[in-house]
Amino acid sequence: GDQVEQSPSALSLHEGTDSALRCNFTTTMRSVQWFRQNSRGSLISLFYLASGTKENGRLKSAFDSKERRYSTLHIRDAQLEDSGTYFCAAANYGNEKITFGAGTKLTIKP
Amino acid sequence: GPKVLQIPSHQIIDMGQMVTLNCDPVSNHLYFYWYKQILGQQMEFLVNFYNGKVMEKSKLFKDQFSVERPDGSYFTLKIQPTALEDSAVYFCASSPGTGYNQAPLFGEGTRLSVL
């Protein structure tokens, strides 16, 4: 079945540094969404992309528009409140199944 | 903006009982989903539903599970009977589907505790 491979599984950074998360898809995907799951378990939608790139403050995401086989999430100038688990979720063509990556646990240290 | 509502946020039941998890999806969405997340772990796909039918279900969607959306009301996940390993947070989602550049929306989840 469709697989979403997310990396890294965990990341520990100091405040002010930059990071990049990535999701690779074993098949061509129609769209991708990035979430941060907070300590209460709520999924906060960061970006939804059907192609190209989107930027919001210190966050930027890209979805490979040619082969549609990977997506990235860049965090610039990391802050303590960026800590959490980040998930990508991709929708396939056809039956619109949405598959999640395994998540990246991000810890920002002072 | 539109939201997917899941009620209640926490449900506690005894093993062997039946439970129905309720999801109120966005009114004009066409695709509906259930996911299972054990604490601190991955979001696991259970099932997606379109036009009154199950589109695809995973191996986690056991025979004891069923979904329906009678008369366009709540999208429900029923587990009968429940087992201890069913304890998890269950997330519902709805999506307008292809042709609409709109993100699927996820509910806040229902924490199910099977004792």
Side-chain angles (χ1 to χ4, degrees), chain A residues 1-7 9-10 23 25-52 54 56 61 63 65 68 71 83-107, chain B residues 1-6 9-10 23 25-26 29-51 53-61 87-113:
Chain A
D2 301 337
Q3 294 288 330
V4 175
E5 299 160 354
Q6 187 170 347
S7 61
S9 57
C23 280
F25 314 129
T26 57
T27 189
T28 301
M29 293 296 191
R30 186 180 71 76
S31 64
V32 65
Q33 194 167 5
W34 284 90
F35 298 91
R36 181 174 64 242
Q37 189 168 41
N38 63 18
S39 56
R40 289 177 51 224
S42 297
L43 286 171
I44 301 161
S45 180
L46 302 173
F47 296 104
Y48 172 73
L49 299 103
S51 66
K54 286 187 178 178
N56 184 5
S61 183
F63 182 28
S65 300
R68 313 182 75 79
S71 176
S83 293
T85 300
Y86 290 76
F87 291 99
C88 67
N92 66 5
Y93 289 96
N95 69 358
E96 287 291 305
K97 178 183 175 184
I98 300 171
T99 304
F100 278 76
T104 296
K105 185 170 183 181
L106 180 64
T107 304
Chain B
K3 287 186 178 183
V4 172
L5 299 175
Q6 290 187 244
S9 58
H10 193 183
C23 172
V26 177
H29 282 186
L30 301 176
Y31 290 83
F32 310 104
Y33 306 80
W34 282 104
Y35 290 83
K36 176 182 180 181
Q37 188 182 36
I38 293 172
L39 185 64
Q41 297 185 24
Q42 189 169 353
M43 292 279 287
E44 302 276 9
F45 171 82
L46 287 176
V47 65
N48 64 341
F49 190 86
Y50 169 75
N51 199 24
K53 297 176 197 170
V54 169
M55 299 284 288
E56 184 170 340
K57 55 186 180 181
S58 72
K59 291 178 184 175
L60 294 178
F61 194 81
S87 294
V89 180
Y90 290 83
F91 289 90
C92 172
S94 70
S95 167
T98 57
Y100 300 88
N101 191 20
Q102 295 172 21
L105 293 176
F106 283 75
E108 295 279 305
T110 293
R111 180 177 301 278
L112 177 65
S113 299

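Below, read A as the first sequence line, B as the second, and so on, with proteins coming before strands; counting in each chain starts at 1. This one's a predicted model, so the numbers in the text were calculated from it and none came from an experiment.
Looking at A/Ile98, both its backbone and its side chain come within 4.5 Å of chain B, counting heavy atoms on both sides. Within the 4.5 angstrom heavy-atom criterion, no atom of A/Gln6 approaches chain B. Heavy atoms of B/Tyr50 lying under 4.5 Å from chain A are absent altogether. Residue contact with chain B, scored on non-hydrogen atoms closer than 4.5 Å, is absent for A/Phe47. Contacts between B/Gln41 and chain A at a heavy-atom distance below 4.5 Å involve the backbone alone (N, CA, C, O).
Listed here is the closest heavy atom pair of B/Ala103 and A/Gln33: CB-NE2, 3.6 Å. Across all non-hydrogen atoms, the minimal contact from A/Leu43 to B/Met43 is CD1-CE, 3.6 Å. Across A/Gly41 and B/Phe91, no two heavy atoms sit closer than the pair O-CZ, 3.4 Å. Between A/Lys97 and B/Tyr33, the closest heavy-atom pair is CA-CE2, 4.3 Å.
Per-residue counts of heavy-atom pairs under 4.5 Å with chain B were compared for A/Gly101, A/Gly103, A/Gly94, A/Ala89; the largest is that of A/Gly101.
Less than 6.0 angstrom separates the ring centroid of A/Phe100 from the ring centroid of B/Phe106.
Atom CZ of A/Phe87 and atom CD of B/Gln42 lie 7.5 Å apart (nearest 0.5 Å).
In A/Lys54, the NZ atom is crowded: over 12 heavy atoms of neighbouring residues, nucleotides or ligands sit closer than 6.0 Å.
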